[in-house]
Amino acid sequence: MRSKEFMAVLSRIFNVTITDINVATPGINTNFFRLGAKDFVKQHADDSPGREICMLLYLNKDWNINSGGELVFIGKDDKQVSIAPLYNRCVLFDPSSIGSEHWVKMLNSQESIGYRYNVVSWYWSE
């Protein structure tokens, strides 16, 4: 996820030069998350100076759409955008864009298969 080839693709998609050249420890910019039935993520923004792209990759095989755990963006004009954590779904977004503040809904413990898994990576410009 931090190969030069992949970062070049992201650079073309977002029309910005992505590089780890000024990041002291690039490895800490990719993290694995596991959320259980009592876990959730409060509303927040991922914007930081130089942070250009956020990527989430979901690892939830056989995810039940009624299990909850959706990623929810405020969206433009407060029109929320909800994204289910379906297996192999990749979400890319500009953390400084309007409406990019987001949160993760709690799992529906009656419908959930256990945990919600994803990898998150943040990409930076110079």
Side-chain angles (χ1 to χ4, degrees):
M1 293 210 280
R2 303 212 74 78
S3 72
K4 289 181 182 180
E5 294 84 3
F6 186 67
M7 293 198 311
V9 169
L10 291 177
S11 293
R12 285 193 300 273
I13 291 170
F14 284 85
N15 196 29
V16 63
T17 302
I18 301 301
T19 178
D20 280 337
I21 196 168
N22 293 320
V23 178
T25 50
I28 67 169
N29 286 300
T30 300
N31 294 287
F32 172 76
F33 289 93
R34 180 186 86 168
L35 299 177
K38 295 184 181 188
D39 300 323
F40 65 96
V41 178
K42 292 182 181 182
Q43 183 175 329
H44 67 283
D46 282 347
D47 58 337
S48 292
R51 189 181 279 178
E52 302 286 349
I53 302 168
C54 294
M55 183 191 80
L56 290 92
L57 178 63
Y58 293 108
L59 308 172
N60 307 297
K61 281 202 170 192
D62 305 318
W63 188 257
N64 179 338
I65 199 74
N66 297 316
S67 293
E70 294 92 349
L71 171 67
V72 182
F73 289 95
I74 287 179
K76 291 183 181 178
D77 301 320
D78 293 325
K79 294 179 182 170
Q80 293 182 357
V81 176
S82 183
I83 301 172
L86 301 177
Y87 180 69
N88 229 8
R89 176 174 276 172
C90 181
V91 177
L92 296 167
F93 67 96
D94 175 349
S96 64
S97 63
I98 295 171
S100 67
E101 284 192 37
H102 56 281
W103 62 93
V104 175
K105 289 184 178 179
M106 290 181 71
L107 299 179
N108 179 347
S109 59
Q110 294 176 348
E111 298 288 337
S112 176
I113 58 175
Y115 293 99
R116 173 191 179 276
Y117 298 98
N118 67 280
V119 173
V120 175
S121 197
W122 297 275
Y123 298 92
W124 305 78
S125 64
E126 291 183 47

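The shown structure was predicted, so the numbers you read here are calculated from the model rather than taken from an experiment.
- For the atom pair CZ (Phe93) and SG (Cys54), the distance works out to 4.0 Å, reported to the nearest 0.5 Å.
- Residues Leu59 and Tyr115 are members of one and the same hydrophobic cluster, defined by side-chain heavy-atom contacts under 4.5 angstrom among Ile, Leu, Val, Met, Phe, Trp and Tyr.
- Inter-residue side-chain proximity for Asn64 and Asp62 is flagged as unmet; no heavy-atom pair is nearer than 4.5 Å.
- Residue Lys76 holds its NZ atom at 6.5 Å from CD1 of Ile98, rounded to the nearest 0.5 Å.
- With a 4.5 Å cut-off on side-chain heavy atoms, Ile83 and Phe73 count as touching.
- The backbone N or O of Gly69 lies less than 3.5 Å from a partner atom in the side chain of Arg116, making a donor-acceptor pair.
- Side-chain atoms of Asn60 come within 3.5 Å of backbone atoms of Pro85 as a donor-acceptor pair (strictly under, hydrogens ignored).
- Leu56 places none of its side-chain heavy atoms less than 4.5 Å from the side chain of Val119.
- A cation-pi arrangement is absent between Arg34 and Tyr117, since the terminal nitrogen or guanidinium carbon is not both under 6.0 Å from the aromatic centre and inside a 45° cone about the axis.
- Considering only residues two or more places apart in sequence or on other chains, Tyr58 meets the ring-ring contact (aromatic ring centres under 6.0 Å, His included) condition with none of them.
- Every residue meeting the side-chain hydrogen bond (donor to acceptor under 3.5 Å, both in side chains) condition with Glu52, not counting sequence neighbours, appears here in chain and number order: Ser125.
- Every residue meeting the side-chain contact (heavy atoms from CB on, under 4.5 Å) condition with Ile65, not counting sequence neighbours, appears here in chain and number order: Ala84, Leu86.
- Remark: the backbone N or O of Phe6 is paired with a side-chain donor or acceptor of Ser3 at under 3.5 angstrom.
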Listing, residues 99-107 side-chain donor-acceptor contacts under 3.5 Å, not counting sequence neighbours, or none:
unit_1 : atom_1 : unit_2 : atom_2 : d
Ser100 : OG     : Pro95  : O      : 2.8
Ser100 : OG     : Ser97  : O      : 2.9
Glu101 : OE1    : Gln43  : NE2    : 2.9
His102 : ND1    : Ser100 : O      : 2.8
His102 : NE2    : His44  : NE2    : 3.1
His102 : NE2    : Asp46  : OD2    : 3.4

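- Each side-chain hydrogen bond (donor to acceptor under 3.5 Å, both in side chains) pair with one or both residues in residues 81-95, not counting sequence neighbours, appears once here: Asp94-Ser96.
- Here CZ of Arg2 is found 4.0 Å from OG of Ser121. Values are rounded to the nearest 0.5 Å.
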Name each donor-acceptor pair under 3.5 Å that joins a side chain in residues 8-17 to protein atoms two or more places apart or in another chain, with its distance.
unit_1 : atom_1 : unit_2 : atom_2 : d
Ser11  : OG     : Met7   : O      : 2.9
Ser11  : OG     : Val16  : O      : 3.1
Ser11  : OG     : Ile18  : N      : 2.9

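- Linking ILVMFWY residues whenever their side-chain heavy atoms come closer than 4.5 Å, directly or via other members, places Leu35 and Val91 in the same cluster.
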